[in-house]
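Notes follow the structure.
Quick note: numbers below take in every heavy atom, side chains included, and nothing from hydrogens, waters or symmetry partners.
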Amino acid sequence: MTNYINPTKEQIEKFNALDLKEPILMLNMLKFRELADYPEGSPWAGKGLTGAEAYAEYGKLIAPMLEKIGAKMAVFGVAETTLIGPDEAWDEVFMMHYPAAGLFLEMATDKDYVEKVQIHRTAAVEDSRLIRVKQMGSPVG
């Protein structure tokens, strides 16, 4: 079984090839590790945090970055069962609204995000899906 945590170079190139000025939704599906997996030498390594706790740290740190670019939570929930498709278990499922795709990209490549925030997401997540969704209806209020 292949787990997906961070994007590949090819996936980033595909994202960049799309319109970066249009508003988007990002569908997030997350499965947390039982115990967070921080790299050796990290101040967080060996603290015994669960994946969910590490993701909560990520959430605290990314919240001001999201607010700065005008991103908002559109939908949040917990997956209960799969009706069509493989029976994948997800701990959290949510959609974030970004006023422009380029703002998402700027945030995800920001030096502070890469050096101080992303470590928590990578340590927390056992498997994930992050899907760019073209917004076709009304924007999130």
> Can you list the steps and then say if M95 with M26 is a side-chain contact (heavy atoms from CB on, under 4.5 Å)?
Replying inline: CA-CA 5 Å; M95 291 187 90; M26 293 296 285; over 6 Å; no

>> What I'd like to find out is whether the side chain of M107 reaches to under 4.5 Å of the side chain of L66, using heavy atoms alone.
In response: yes

>> Using 0.5 Å steps for rounding, measure from the CE atom of M73 to the CE atom of M96.
In response: 5.5 Å

> Is there a side-chain contact between R129 and L27, using heavy atoms and a 4.5 Å cut-off?
Replying inline: no

> Between V78 and V75, is there a shared hydrophobic cluster once you connect ILVMFWY residues whose side-chain heavy atoms come closer than 4.5 Å?
Replying inline: no

> Does any non-hydrogen side-chain atom of P39 lie less than 4.5 Å from one of I119?
Replying inline: yes

> With hydrophobic residues grouped by side-chain heavy-atom distances under 4.5 Å, do I69 and L18 end up in a single group?
Replying inline: no

>> Students often mix this up, so state it plainly: with edges at 30° and 60°, are the rings of F104 and F15 parallel, tilted or perpendicular?
In response: tilted

> If you measure from OH on Y98 to CG on L20, what distance do you get to the nearest 0.5 Å?
Replying inline: 14.0 Å

> Which atoms form the tightest heavy-atom contact between A108 and V114, and what is the distance?
Replying inline: O-CG2, 3.8 Å

> From L35 CG over to L49 CG, what is the distance, rounded to the nearest 0.5 angstrom?
Replying inline: 9.0 Å

Atom pairs and distances, donor-acceptor, side-chain atoms in residues 54-63, under 3.5 Å, two or more places apart:
| from | atom 1 | to | atom 2 | distance (Å) |
| --- | --- | --- | --- | --- |
| E57 | OE2 | K60 | NZ | 3.2 |
| Y58 | OH | Y113 | OH | 3.1 |

> For I5, does its backbone N or O pair with a side-chain atom of R121 as donor and acceptor, under 3.5 Å?
Replying inline: yes

> With a cut-off of 6.0 Å (strictly less than), are more than 12 heavy atoms of other residues, nucleotides or ligands near CD of E67?
Replying inline: no

> Distance-only, no hydrogens or angles: does the D91 side chain make a donor-acceptor pair with backbone N or O of K31 under 3.5 Å?
Replying inline: no

> Run the salt bridge (charged side-chain N to carboxylate O under 4.0 Å, His left out) check on K47 and E53 step by step: do they pass?
Replying inline: CA-CA 11 Å; K47 292 206 176 206; E53 290 169 332; over 6 Å; no

>> Assess whether a salt bridge exists between K68 and E106, defined as any Lys/Arg side-chain N lying under 4.0 Å from an Asp/Glu carboxylate O.
In response: no

> Is there a donor-acceptor pair closer than 3.5 Å between any side-chain N or O of D127 and the backbone N or O of N3?
Replying inline: no

>> Any side-chain to backbone donor/acceptor pair from R33 onto A123? Under 3.5 Å, distance only.
In response: yes

> In terms of hydrophobic clusters joined by side-chain contacts under 4.5 Å, are V133 and W90 together?
Replying inline: yes

> What is the distance from atom CG of L130 to atom CD of Q11, rounded to the nearest 0.5 Å?
Replying inline: 9.0 Å

> Looking at CD of E92 and CG of N28, how far apart are the two atoms once the value is rounded to the nearest 0.5 Å?
Replying inline: 9.5 Å

> Do F94 and L30 come close enough that some side-chain heavy atom pair is under 4.5 Å?
Replying inline: yes

>> Please determine whether side-chain contact (heavy atoms from CB on, under 4.5 Å) holds for the pair Q118 and N6, giving the CA-CA distance in whole Å, both sets of side-chain angles, and the decisive distance to 0.1 Å.
In response: CA-CA 10 Å; Q118 187 177 18; N6 292 307; 3.3 Å; yes

> Would V117 and Y38 show up in the same hydrophobic cluster when neighbours are defined by side-chain heavy atoms closer than 4.5 Å?
Replying inline: no

>> How long is the straight-line distance from CD1 of I24 back to NZ of K134, given to the nearest 0.5 Å?
In response: 11.0 Å

